[in-house]
Amino acid sequence: MREILAGLPWWVKWVAVPVIALVVFGGLIASVVGFVIGLLFKLLVFVALVGGLIYVVRKFTAGSSSRSDW
C-alpha cells in the first residue's frame, strides 16, 4: 500500500482519498456519531433524574426527621 501511495501526488493522498472515504463511509460515520450522542444525552438525563430523586428524598427525609425531634 505504501508503494502505491508513494507515487501519487500529495493532493491525492491528503484530499481525494479522505473525501472518497467520507462519501463511502459517511452514512456509517453519521449513524455512529448520532448513536453516541443519543446515548450520552440519555445518560445525562438519567444522571439528572437520579440526582434529582436523591435530592428530593434527602430533603423530605431530613424534614421528617427534624419534625419528629419536636
Side-chain angles (χ1 to χ4, degrees):
M1 186 71 182
R2 223 175 260 270
E3 297 92 23
I4 295 171
L5 290 176
L8 296 175
W10 68 270
W11 61 270
V12 173
K13 291 187 266 190
W14 299 106
V15 176
V17 172
V19 166
I20 292 171
L22 281 176
V23 168
V24 171
F25 298 109
L28 177 66
I29 293 169
S31 65
V32 168
V33 169
F35 174 75
V36 169
I37 290 174
L39 191 64
L40 288 174
F41 178 74
K42 289 178 182 178
L43 183 67
L44 181 66
V45 169
F46 175 75
V47 168
L49 288 174
V50 169
L53 178 66
I54 291 172
Y55 173 76
V56 167
V57 167
R58 283 188 179 174
K59 186 168 180 128
F60 279 117
T61 55
S64 65
S65 66
S66 66
R67 280 189 224 129
S68 64
D69 292 343
W70 284 86

List the atom pairs, donor and acceptor, that lie under 3.5 Å between side-chain atoms in residues 39-50 and the rest of the protein, sequence neighbours left out.
none

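- Cluster annotation: Leu22 is not connected to Val15 through the hydrophobic network of ILVMFWY side chains, with a link wherever side-chain heavy atoms come within less than 4.5 Å.
- In the hydrophobic cluster analysis, where Ile, Leu, Val, Met, Phe, Trp and Tyr join through side-chain heavy atoms closer than 4.5 angstrom, Trp14 is grouped together with Leu5.
- Clustering ILVMFWY residues whenever any of their side-chain heavy atoms sit less than 4.5 angstrom apart, transitively, puts Phe60 in a cluster other than the one holding Val57.
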Check step by step if side-chain contact (heavy atoms from CB on, under 4.5 Å) holds for Val17 and Ile20. CA-CA 5 Å; Val17 172; Ile20 292 171; 5.7 Å; no

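- Cluster membership for Phe25 and Ile37, using ILVMFWY side-chain heavy atoms within less than 4.5 angstrom, is shared.
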